[in-house]
Amino acid sequence: MTYKHIKLPQGGKKISTVNGTLQVPDNPIIGFIEGDGIGPDITKASLRVWNAAVEKAYGGKRKIHWCELYLGEKAAGLYDGDYFPRETLDAIKDLTIAIKGPLTTPVGGGFRSLNVSLRQTLDLYACVRPVRYYQGVPSPLRKPEEVDVVIFRENTEDVYAGIEYASGTPENQKLAGFLREQLGAQFFEDAGLAIKPISPFGSKRLIRKAIQFAIDHNRESVTLVHKGNIMKYTEGAFRNWGYELAKEEFGEHTITEEALYSEFGGKQPPGKVVIKDRIADVIFQLLQLRPSEFDVLATMNLNGDYLSDAVAAEVGGIGIAPGANISDVVAVFEATHGTAPKYANQNKVNPSSLLLSGAMMLEYMGWNEAADLINAAYPKVVGEKFVTYDFARLMPGAHTVSTSAFGDALTAKITGNADDLARFEQERREALEQERKEREAQRVANPMEAMRASGRRPMTAAGIMSPIKSVAASATVEEAMHEMRQNNISSVLVQPDGSGQWGIMTQRDIVMKIVGANKSAANVNVSEIASKPLITVAADLSLPMVSQTMVENKVRRVVVEANDEPVGIVSETDLFHIVEEFGWEPEE
């Protein structure tokens with residue numbers, strides 16, 4: 001491909017893909033965009049650190065060949081006022097991976113935002129924002145070290161899709177008339193109107209990427225964040241499509257949170273990622289109070305915008321938050337903050353957001369050893385209070401340094417004893433694994449408390465059911481009683497006999513049909529006293545409907561079915577415990 005201003009470096013090789021999988025050579029060409037305002041300062045400092053990490057990690061066997069690309073003000077100077085040149089977009093697609101500094105959106109129209117335009121033009125549908133705490137960074141949390149999440153934000157839909165109509169315009173009046181007259185909608189006169197598209201396609205490809213990331217990086221869970229209790233057909237649908245996708249495409253690698261408790265007693269099976277969901281307003285509280293409960297979050301555009309910045313504030317602010325916008329393959333990593341023009345060319349600001357986005361880029365390339373060096377060196381330098389002005393004003397006794405000096409300090413740390421840095425990063429990972437085991441032990445020991453603490457409120461039969469225990473129809477009542485005592489349960493299912501029907505035998509059956517009838521438990525088969533047919537409910541039936549089923553059938557427990565097979569039991573006691581632990585409010 002021939003370019004007008006872009007010059008591909010000699011000796012480098014383009015990244016390719018095979019069946020959607022990156023093929024990264026040892027000498028890849030990576031595009032970089034300096035950005036506007038403080039962009040050149042932070043880019044120069046970061047490039048030195050990235051190069052040092054790659055050199056140290058691979059001893060010269062690998063090297064990035066950097067190719068400068070142009071967007072924003074620098075592009076306008078080269079391309080006759082064009083802030084968004086076509087050849088830069090073509091180059092990003094050709095090179096597959098690029099990284100950029102902050103960009104200024106030109107005043108006077110043409111673009112709502114250069115960043116938004118870049119995402120839409122290249123279909124960079126997943127905004128990925130890892131947020132973790134680096135030791136020594138000032139934080140408002142008491143235990144910021146518990147924050148280590150990766151947020152996958154859908155980039156192309158939701159109210160950010162830009163389908164909106166200003167109050168008083170002909171388009172607004174036409175849409176308002178249609179909504180009122182054809183669909184019976186009610187809203188105030190002269191309201192501005194916006195449409196919130198959430199599609200199965202857009203939702204599933206975002207959630208697919210989040211789940212695959214969790215599998216590839218040995219993450220514990222993926223949480224679907226939504227406001228589906230109110231917006232049932234958009235955000236509620238996002239949640240439902242997420243569960244469908246996990247079951248259909250990742251069934252061997254995932255389990256639901258309901259199954260974690262109901263089938264596995266809170267103990268997470270090896271190699272399984274837990275799929276769960278939380279209401280959007282609740283997740284903000286939980287990410288402050290119990291951040292270690294959450295690992296990978298998948299959500300829609302607006303929720304993701306709020307969450308990304310809010311969680312970043314917990315560990316040092318957006319100024320150090322890395323990020324990327326990714327399509328199926330093409331990825332553009334970026335500084336997540338603005339251009340801060342008043343600090344341009346002052347060599348003053350914190351380069352951390354772009355710098356750590358570069359570490360994220362190295363991980364995306366599979367160059368984890370180089371990324372680990374940066375991630376380990378960063379807290380070492382900050383811990384020595386060798387920081388830029390933004391951190392220095394929050395850290396008594398800090399040494400205020402320039403952008404370039406901060407980069408030099410990181411480079412020196414990386415090129416020093418790499419074994420120390422590797423050990424530091426390994427210790428951090430071991431600590432995270434230990435925390436995971438402790439959470440699992442708490443779930444097993446006290447499932448209800450663990451659910452309540454993690455923000456989970458069971459809403460369906462599957463969410464509160466107890467695992468079933470069954471006995472053969474030919475077993476004696478005495479044998480079944482022994483099974484009940486051993487498992488501390490008040491009922492057992494009775495497997496089908498010649499009638500082909502399942503049955504259930506409860507403690508009440510024994511009292512009434514054995515003791516009350518003065519019969520021998522050793523001489524009566526369970527099939528003789530079991531209740532048939534079973535009163536069953538679907539696994540996804542809501543708890544109010546489960547309760548109603550019990551009342552209508554005058555029973556104290558129901559059997560939960562999935563695919564026409566009994567999978568659990570819900571009793572009055574289970575419902576009582578839910579109300580006791582979580583309280584009860586009518587469903588919205």
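With a 6.0 Å cutoff to the six-membered ring centre and a 45° limit on the axis angle, R180 counts as a cation-pi contact of F187. Seen from the ring of F294, K276 counts as a face-on cation partner, given the 6.0 Å and 45° thresholds.
The closest side-chain donor-acceptor pair between Q495 and S470 falls under 3.5 angstrom. Checked by atom type, the side-chain pair E154/T156 shows a donor-acceptor distance below 3.5 Å.
Around atom NZ of K469, no more than 12 heavy atoms belonging to other residues, nucleotides or ligands sit under 6.0 Å away.
Here the shortest heavy-atom pairing between N525 and S474 reads OD1-O, 3.3 Å. Taking every heavy atom of both residues into account, L287 and V311 meet most closely at CD1-CG2, 3.6 Å. Nearest heavy-atom pair across S308 and G304 is OG-O, 2.7 Å. Heavy atoms only, all atoms of each residue included: E440 and G266 are closest at CG-O, 3.8 Å. Closest approach of V558 to V546, counting heavy atoms only: CG2-CG1, 4.0 Å. Of all heavy-atom pairs between N325 and C127, the closest is OD1-CB, 3.5 Å.
The aromatic rings of Y134 and Y378 lie perpendicular to each other, with more than 60° between the two planes, well past the 30° mark.
Considering CZ of R485 and CD of E483, their distance stands at 10.5 Å, rounded to 0.5 Å. Separation of atoms CD (E258) and CD1 (I275) is listed at 13.0 Å; rounding is to 0.5 Å.
Between the R208 side chain and the E249 main chain, no donor and acceptor come within less than 3.5 Å of each other. Put simply, the side chain of S357 gets close to the backbone of G323: a donor and an acceptor are under 3.5 Å apart. Put simply, the side chain of Q268 gets close to the backbone of K272: a donor and an acceptor are under 3.5 Å apart. Between the side chain of T549 and the main chain of M545, a donor-acceptor pair closer than 3.5 Å is present. Judged by distance alone, with hydrogens and angles left aside, the side-chain atoms of D574 form a donor-acceptor pair with the main-chain N or O of S571 at under 3.5 Å. A donor-acceptor pair under 3.5 Å links the side-chain atoms of R153 to the main chain of N301, judged by distance alone. Not one N or O on the side chain of D295 forms a donor-acceptor pair closer than 3.5 Å with the backbone of R219. Of the possible polar contacts, one joining the R278 side chain to the S454 backbone as a donor-acceptor pair under 3.5 Å is found.
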(request) Report the C-alpha separation of E257 and V274 in whole Å, then their side-chain angles, then the decisive distance to 0.1 Å, and conclude whether the side-chain contact (heavy atoms from CB on, under 4.5 Å) test is met. (result) CA-CA 6 Å; E257 189 176 31; V274 176; 4.0 Å; yes
